[in-house]
Structure formats: C-alpha cells, structure tokens
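Reading through the structure tokens given below for one structure.
Just so we're on the same page: letters track the sequence lines, and every chain starts at 1.
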Protein chains: 2
Amino acid sequence: MAKSVQKKTKRDAAKSTGVSPMVIRRLPRYFRYLRELIRNGKLRISSGELSEMMHVTASQIRQDLNCFGGFGQQGYGYNVNYLYAKISELLGVGEGYHAIVIGMGNLGKALARNPMFEKRGVDIVGMFDISPAVIGEKVGDGVVLPLSELENFCLDHTVDIAVLTLPKEAIESVVERLIPLGITGLWNFTGKELDHLPPDMLVENVHIGDSLMTLCFEMRCREKGEKQ
Amino acid sequence: MAKSVQKKTKRDAAKSTGVSPMVIRRLPRYFRYLRELIRNGKLRISSGELSEMMHVTASQIRQDLNCFGGFGQQGYGYNVNYLYAKISELLGVGEGYHAIVIGMGNLGKALARNPMFEKRGVDIVGMFDISPAVIGEKVGDGVVLPLSELENFCLDHTVDIAVLTLPKEAIESVVERLIPLGITGLWNFTGKELDHLPPDMLVENVHIGDSLMTLCFEMRCREKGEKQ
DNA sequence: TAGATTGTTAATCGATTAACAATC
DNA sequence: TAGATTGTTAATCGATTAACAATC
C-alpha cells in the first residue's frame with residue numbers, strides 16, 4: 001500500500017552542503033531514471049531493481065537516498081512518484097529558477113532551444129548579445145536583446161542564473177555587471193575559471209571538451225594495449 | 001637546464017586502463033592549464049606553483065603525473081612544453097582521430113563549429129542528418145550529407161569517432177549501423193544509455209543537464225541554509 | 001505471519017594528503 | 001655544495017560495499 005514515509009532520521013541534517021559531492025553528482029542521474037520509470041508507468045521500485053537498470057550497487061542507492069532521509073519503505077521498496085518528487089525537490093525543480101543566456105552564438109542558441117531547461121524547471125527569461133547580427137533574432141520563444149539592456153532587464157525581472165556562453169575574453173566584465181544584479185548562479189561554458197567572486201555567487205563550470213578527451217584517452221589506451 | 005627526464009619507473013605500467021578513473025578525469029584539466037601556461041610563455045613550473053593555479057594540492061599533481069612516469073626533475077620542477085607534450089600524447093592529441101557528427105540540429109551544429117575539436121586534434125570529416133532542410137547545408141567547413149550516405153562515406157574515409165547529437169529515438173538503429181563500419185568511439189549526447197555494445201566500442205555519455213541540476217541543488221541548499 | 005526490502009552500521013576499498021629520502 | 005623540488009612511501013581520509021537488524 002506504500003504509504004509515503006515521512007519519518008526524519010538523525011541524518012536528516014545533511015545540512016546545507018553537508019552532503020558528499022559524489023552523492024550530489026549522482027542525484028541528477030537518479031532524477032533521469034525516475035523520470036523514465038514514470039514515463040513507463042512504473043509505480044514502485046526496489047533498490048535492487050534500480051541498481052540493475054543503473055549499473056550501480058543497490059547498497060549505494062540506499063546509502064545515497066538515505067543522506068536525505070528515509071524515502072523508502074521496508075519490504076516494499078520505493079514509491080516511484082514519491083521518490084521522484086523528493087529528488088526533484090532536492091534539485092530545486094519547481095523552485096522556478098529564472099535564467100538568462102549571455103552570448104547567443106551557436107552554443108547559446110543550442111542551449112536556449114534545448115528542452116532541458118524546461119524539463120528541469122528552469123525558465124529562460126532573457127537572452128543577450130552584443131552583435132547586431134543576432135540582436136532582435138527570435139530564438140526559442142524569446143528575442144535576443146542587446147547586452148546594454150542587461151541592467152534594465154534585471155531590474156524588471158527576477159533573474160537567478162546566468163548561462164555564460166560568450167567568448168572568454170568578455171566574461172570578466174560581464175560577471176562584474178552580474179554581481180550587483182542579484183544573480184547568484186553562473187553556468188559557465190567559457191572555459192575561463194572565475195576567481196574572486198563574492199561568497200554567495202555559485203559557479204558551475206562546464207568543459208565539454210574534457211569529456212571528448214576522456215574518450216580519446218581510452219581509445220588510445222586500447223590501441224596501445226592491442227599493439228602489445 | 002631541465003633536460004627532459006625519460007626514465008621509466010616501475011609504475012610505468014599503468015597498462016591500458018590500469019589508471020584510476022579519478023586521475024583520468026583530471027588529465028584534460030592539466031592539458032588545459034598547460035596550454036595556457038604555454039600561451040603565456042612560461043617554460044617551467046613546480047607542482048607547488050601549479051597547485052595554486054589549479055586549486056588542488058601539489059601532492060595530488062605529483063601523484064597524478066607519476067602514474068605515467070617521471071615527467072619532472074628534482075630541484076627543477078616540470079618543463080612546461082615537455083609536460084604538455086606528454087599529456088597530449090596520453091590524451092591522443094596528435095593521434096589524428098577522425099570524427100563524424102550524426103544529427104545536425106542546434107547542438108550538432110554548435111559542436112561542429114566549435115574550435116574544441118581542432119584544439120584537441122580531432123578532425124570532423126563528415127556530418128549527417130536525415131532532414132532535407134539541413135542536408136546540403138554548409139556547417140563549419142563541411143557540408144551536411146544525407147544519413148543514407150553513411151556506409152559509403154565510411155568505406156571511403158577512416159572514421160574513429162561518432163558524435164551522436166540525434167534524437168534519442170533514432171539512436172539504436174544508427175548505432176547498429178555504426179558498429180560494422182569500424183567506428184569504435186561514441187560521444188553520446190542523446191541522453192539514452194547504450195547497452196549491449198561490442199566490447200571494443202567505447203562510449204562517453206554527456207549529460208549537460210546534470211551540471212545545471214548540480215548548480216540548482218547548490219542554490220537551493222544555500223537558500224535553505226539562509227532561511228534557518 | 002513470513003517474505004521482502006529498507007535503513008544503518010561495520011568492513012573494505014580507493015583516493016588524497018603528508019612526509020621525506022632521492023637527486024638534480 | 002646547498003637549495004629546491006621531485007618521486008614515492010606511509011598515513012589519513014572519504015566513499016563504496018557488505019551485512020544484517022529493523023520493520024513494513
């Protein structure tokens with residue numbers, strides 16, 4: 001009957017950022033798999049079953065989920081919808097974060113048109129560039145504004161996150177401007193490490209190329225292995 | 001005088017994939033920082049100096065680099081150019097890998113136009129799609145071909161890597177076709193986990209959205225912290 | 001109740017850091 | 001040579017897995 005268990009354990013704490021970075025990095029993956037389970041109409045799942053799907057140990061799943069309190073039920077497993085709701089909550093889906101994209105080159109446009117933001121409850125409310133060639137262009141369901149409008153725009157709208165897809169040369173000056181505008185999350189694709197930020201400014205750096213190099217490393221290892 | 005040290009240590013082994021995944025994941029980061037050091041004309045660097053730049057411990061740097069043999073020199077540090085060459089070699093830069101991009105939507109185009117491939121020694125030799133709207137279009141310095149040409153193309157060219165930026169519904173059938181064509185590296189942006197692949201097929205999955213969610217998680221943690 | 005499966009503790013494993021002898 | 005800094009071993013720390021009692 002799977003009544004949702006709300007009991008708080010001692011470790012409910014996991015206060016603020018007291019959760020292991022390894023666990024945090026795995027949360028989005030749980031989110032994705034749960035989303036798929038829901039799409040497939042699955043109502044309950046055990047750590048064992050999920051572990052097979054995800055190719056991790058059942059032990060790790062139980063350990064991970066327990067960092068945030070008891071989401072399951074002995075003898076039953078996990079209620080898929082309840083677990084999804086809990087993890088979504090942890091990840092701030094439904095928090096209604098508002099984002100702007102700065103730099104509408106190929107990558108900026110690709111991201112802005114990507115359904116990913118919507119799926120994750122992040123709303124793109126504005127897009128900016130300095131090039132007259134793209135200003136005024138419609139991308140997704142918005143229009144690219146001149147970067148000079150940044151301040152005015154942020155006075156009129158709540159903006160939490162800035163997606164930085166501009167050339168790395170321009171990033172420092174833009175981040176300077178973002179700080180007083182109340183933006184506290186930077187999703188940084190420029191490849192430039194951002195230093196000396198205010199303590200309440202969170203940054204997530206993305207280096208897509210690193211992933212390609214990891215693949216190349218493995219390909220090369222295999223080749224070397226074959227040659228011997 | 002920094003003569004390059006070639007001595008092989010016992011651990012030179014690090015045979016094929018015998019290197020810790022954590023170390024492997026850090027290699028591209030060393031690559032990036034060394035590239036920058038070279039651009040700035042720096043000729044030598046100590047683990048201590050590099051550790052400050054990269055915000056990691058000097059101990060970790062020495063430990064990491066030593067997985068692959070002695071790249072430094074006591075009392076001197078590391079020769080930047082030599083170290084860069086060695087790490088590039090490990091990562092297969094200069095190996096001249098050839099890649100095709102399958103699925104020329106926004107993301108496919110953004111990647112194909114990205115200087116990242118060139119910087120990392122990977123050459124995009126072909127681009128494919130099924131939509132007449134993009135077939136024939138010039139992207140970067142190539143032209144999008146119809147997916148039906150895939151087999152013919154791969155007979156005429158050496159292709160090592162396929163960049164998968166097509167809709168996840170189409171991926172299974174495409175990967176089936178890639179296997180007999182000699183492609184052994186998949187860079188998978190579809191979000192669909194690939195199972196049941198031949199053992200010599202390497203896959204690197206990219207989930208950009210996971211990084212956004214990590215940022216949102218942290219933002220939410222901070223908010224919760226502030227409220228208390 | 002009996003069976004199943006969680007929550008949680010304890011054991012293992014791996015990764016990071018500290019320390020220092022080797023050596024340039 | 002003396003000073004610097006690596007390579008490498010040993011100590012610490014954290015993360016994963018195994019095991020099982022709690023309990024639905």
Worksheet item: Hey, does the side-chain of A:S20 have a donor or acceptor N/O within less than 3.5 Å of a partner on the base of D:dA15?
Response: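 Side chain to base: no pair present.
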Worksheet item: Any donor-acceptor pair under 3.5 Å joining the side chain of A:Q63 to the base of D:dT17?
Response: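 Yes, the side chain and the base share a sub-3.5 Å donor-acceptor pair.
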Does [N] have OP1 or OP2 under 4.0 Å away from a side-chain N or O of [X]?
{"X": "A:S47", "N": "C:dT5", "answer": "no"}
{"X": "B:R62", "N": "D:dG7", "answer": "no"}
{"X": "B:R26", "N": "C:dT16", "answer": "yes"}

Nearest whole angstrom, please: distance from the [atom2] of [N] to the [atom1] of [X].
{"X": "B:Q74", "N": "D:dT6", "atom1": "CD", "atom2": "P", "result": "9 Å"}
{"X": "B:Q73", "N": "D:dA4", "atom1": "CD", "atom2": "C1'", "result": "12 Å"}
{"X": "B:Y78", "N": "D:dA4", "atom1": "OH", "atom2": "C1'", "result": "13 Å"}
{"X": "A:D64", "N": "D:dG14", "atom1": "CG", "atom2": "P", "result": "17 Å"}
{"X": "A:I45", "N": "C:dA4", "atom1": "CD1", "atom2": "P", "result": "17 Å"}
{"X": "A:N66", "N": "D:dA22", "atom1": "CG", "atom2": "C1'", "result": "13 Å"}
{"X": "A:R44", "N": "C:dA4", "atom1": "CZ", "atom2": "P", "result": "11 Å"}
{"X": "A:Q60", "N": "D:dT16", "atom1": "CD", "atom2": "P", "result": "5 Å"}

Fill in: Residue whose nearest DNA chain D nucleotide is more 5′ - B:L65 or A:G75
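Nearest nucleotide further toward 5': that of B:L65.
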Fill in: Stepwise side chain to side chain donor-acceptor pair (under 3.5 Å) check, B:D64 with B:Y30
CA-CA 10 Å; B:D64 281 357; B:Y30 290 121; 2.6 Å; yes
Practice prompt. State plainly whether the residues B:E89 and B:K86 are in salt-bridge range, i.e. N to O under 4.0 Å.
Written response: yes
Worksheet item: Between B:E49 and B:K42, is the closest basic N to carboxylate O distance under 4.0 Å?
Response: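 Between B:E49 and B:K42 there is a salt bridge, with a charged N closer than 4.0 Å to a carboxylate O.
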Worksheet item: When we call it a touch if two heavy atoms are under 4.0 Å apart, what does A:T57 touch: a base, just sugar-phosphate, or nothing?
Response: sugar-phosphate
Worksheet item: Across the strands shown, which category fits A:R25 at heavy-atom distances under 4.0 angstrom: base, sugar-phosphate, nothing?
Response: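 A:R25: no heavy atom of the nucleic acid under 4.0 Å.
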Item to complete: Report yes or no: does B:R222 contribute a side-chain atom to a donor-acceptor pair with the main-chain N or O of A:D200 at less than 3.5 Å?
Response: yes
Response to the item:
Closest non-hydrogen contact found for A:W187 with B:S211 is NE1-OG, 2.7 Å
Worksheet item: Pick from A:T57, A:I61, A:L65, A:V56: which one makes a side-chain contact (heavy atoms from CB on, under 4.5 Å) with A:S47?
Response: A:I61
Practice prompt. Assess A:R35 against A:Y84: is NZ or CZ under 6.0 Å from the centre of the six-membered ring, and within 45 degrees of the ring's axis?
Written response: no
Worksheet item: For DNA chain D, what is the dot-bracket line, given that a base pair needs Watson-Crick (N1 to N3, plus N6-O4 or O6-N4) or G-U wobble (N1-O2 and O6-N3) geometry with both distances under 3.5 Å, and | means paired with another strand?
Response: ..||||||||||||||||||||||
